[in-house]
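In this chain, residues are counted from 1 in sequence order. This one's a predicted model, so the numbers in the text were calculated from it and none came from an experiment.
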Amino acid sequence: MQAQKQSFLHKLKRDKYLLLLLLPCALYYIIFKYVPIFGVSIAFMDYNLFKGITESDWVGFKYFSMFFNTPDFWPVLRNTFLLGLYKLVFGFPAPIILALLINEVSKSFLKRFVQTVSYLPHFISNVVVAGIAVMFLSPTGGVVNQLLNVIGLDRINFLVEASWFRTIYITTDVWQHIGWGTIIYLAALTAIDPQLYEAARMDGANRWKQTLNITLPGIAPAIVIILILDIGKILEIGFEKVYLLATPATYETADIISTYVYRVGLTQGNYSYATAIDLFTGIISFIFIIAANWFSRRVSGSSIW
């Protein structure tokens, strides 16, 4: 026991600077992720801001039942799920494809330039991205409508037509995050042994066959892990961009759980109702990620745990 204690103290002293670097990240998760977990109890009580958590009355599953029975439940859940599903279908493979294309570029300067340009939109705030989308899709001076006018088509007021909202959201989201997503895949590509490609070329394999038989299997573990995490986030659609792009005319397809919580729960001061909805969303996301991890482990042998 004494030897183990000395060994632990020795490792602690040896790695103290690394632990200091880890401290801000640990504090972030403790303060903003773990401490707020205690607030989940608000979902099961009639929370009064003046009484506080300890003095508010417990009401059980009242607010869950209220949410399930409201006429907005299925439309909001459907919109959230469809946006998350489309984001997964179109947004998940996009960074993989871009990483494979960048990896084929032989000139290092051009490769770095493409990487830098594709990364930049990730650092633009959602407010700016939404502003760019509004400018491009303006029915009067927008670039898209001007192009439609040039080719003889009628102008479309994209931002007030509910049928266009999902397309606008997914397109802007893919453009904003495609470059950032390639970082993991490009890092995984560097771990592939170059001798495998040399052996494949000697056997007469072209670039397409090398990609199918060497590149994709080499980055498959990274693909599986990112896919599992993305499946778990299907219902976790960002609030900011949807709120900025949506209008009352597009609520039919644009009203999702987060905007519904903000509009009905927070703006009206119904914190228990808002917490119950968020807890429901978290439980569904947890079920999704557990199911995806189990399925991946059974089918491919790769999983997060």
Side-chain angles (χ1 to χ4, degrees), residues 67-98 118 121-122 124-181 227 230-267 274 277-278 280-281 284-285 288:
F67 178 53
F68 296 152
N69 292 319
T70 182
D72 296 322
F73 172 71
W74 286 112
V76 166
L77 185 63
R78 182 192 66 239
N79 292 340
T80 307
F81 179 78
L82 287 178
L83 265 186
L85 181 63
Y86 293 155
K87 184 178 178 180
L88 181 68
V89 171
F90 297 102
F92 172 73
I96 302 174
I97 296 172
L98 180 60
S118 63
H122 177 78
I124 301 176
S125 71
N126 286 321
V127 177
V128 176
V129 172
I132 293 173
V134 171
M135 290 175 58
F136 271 65
L137 300 175
S138 172
T140 54
V143 175
V144 176
N145 274 303
Q146 289 183 3
L147 292 175
L148 291 176
N149 195 32
V150 168
I151 62 179
L153 298 177
D154 295 331
R155 294 175 179 266
I156 302 174
N157 196 346
F158 294 96
L159 297 174
V160 298
E161 293 197 15
S163 59
W164 280 100
F165 178 80
R166 291 172 185 149
T167 302
I168 296 170
Y169 179 87
I170 298 301
T171 302
T172 55
D173 194 79
V174 171
W175 172 77
Q176 187 177 7
H177 300 296
I178 184 173
W180 185 255
L227 177 60
D230 284 352
I231 290 175
K233 295 187 291 185
I234 281 183
L235 295 183
E236 297 180 8
I237 303 297
F239 165 80
E240 297 89 354
K241 194 188 300 181
V242 175
Y243 181 76
L244 292 167
L245 291 175
T247 61
T250 60
Y251 276 167
E252 178 186 347
T253 57
D255 197 19
I256 61 174
I257 290 177
S258 58
T259 55
Y260 178 78
V261 167
Y262 172 76
R263 190 176 68 255
V264 178
L266 297 181
T267 59
I277 298 173
D278 275 344
F280 165 75
T281 306
I284 298 300
S285 298
F288 278 173

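Between the side chain of Asn145 and the backbone N or O of Ser138 there is at least one donor-acceptor pair closer than 3.5 Å. Using a distance-only test at 3.5 Å, with no hydrogens or angles considered, a donor-acceptor pair links the side chain of Ser285 to the main chain of Thr281. Judged by distance alone, the side chain of Arg155 and the main-chain N or O of Leu148 form no donor-acceptor pair under 3.5 Å. Asn157 places no side-chain N or O within donor-acceptor distance of the main-chain N or O of Pro139, the cut-off being under 3.5 Å. Using modelled atom types, no side-chain atom of Thr253 and backbone atom of Arg166 make a donor-acceptor pair closer than 3.5 Å. Side-chain atoms of Thr250 do not come within 3.5 Å of backbone N or O of Phe165 as any donor-acceptor pair. Counting only distance, with no hydrogens or angles, the side chain of Gln176 and the backbone of Ile124 share a donor-acceptor pair below 3.5 Å.
Atom CG of Leu82 is separated from atom OH of Tyr86 by 5.0 Å, given to the nearest 0.5 angstrom. In this structure, the separation between OG on Ser118 and NE2 on His177 is 13.0 Å, given to the nearest 0.5 Å. Here the CZ-CG distance, from Phe81 to Leu88, works out to 9.5 Å after rounding to the nearest 0.5 Å.
Summarising the geometry of Ala246 relative to Ala254, their closest heavy-atom pair is CB-CB, 3.7 Å, with the distance given to 0.1 Å. Between Leu98 and Gly179, the shortest heavy-atom distance links the atoms CD2-CA, 4.2 Å. Taking every heavy atom of both residues into account, Val242 and Tyr169 meet most closely at CG2-CE1, 3.5 Å. Closest heavy-atom contact between Gly265 and Ala274: CA-CB, 4.1 Å. Between Thr80 and Ile257, the closest heavy-atom pair is OG1-N, 2.9 Å.
For the pair Phe90/Asp173, no side-chain contact is recorded, criterion being any heavy-atom separation below 4.5 Å from C-beta on. Residues Phe288 and Glu236 form no side-chain contact, since every pair of their non-hydrogen atoms from C-beta on lies 4.5 Å or further apart. Residues Ile132 and Thr172 are not in side-chain contact: their nearest non-hydrogen atoms beyond the backbone lie 4.5 Å or more apart.
Within 6.0 Å of CG in Asn69 there are more than 12 heavy atoms belonging to other residues, nucleotides or ligands. More than 12 heavy atoms of other residues, nucleotides or ligands sit less than 6.0 Å from atom CZ of Phe92. Around atom CZ of Phe136, no more than 12 heavy atoms belonging to other residues, nucleotides or ligands sit under 6.0 Å away. Annotation: Gln146, atom CD; neighbour count of heavy atoms from other residues, nucleotides and ligands within 6.0 Å is above 12. Counting non-hydrogen atoms of neighbouring residues, nucleotides and ligands closer than 6.0 angstrom, the CH2 atom of Trp164 reaches no more than 12 such neighbours.
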Problem set entry | Step-by-step side-chain contact (heavy atoms from CB on, under 4.5 Å) determination, Leu235 to Ile256 | CA-CA 9 Å; Leu235 295 183; Ile256 61 174; over 6 Å; no

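Relative orientation of the Tyr262 and Phe239 rings is tilted, given thresholds of 30° and 60° on the angle between their planes. Below 30°, between 30° and 60°, or above 60°: for Tyr260 and Phe67 the angle between ring planes is between 30° and 60°, a tilted geometry.
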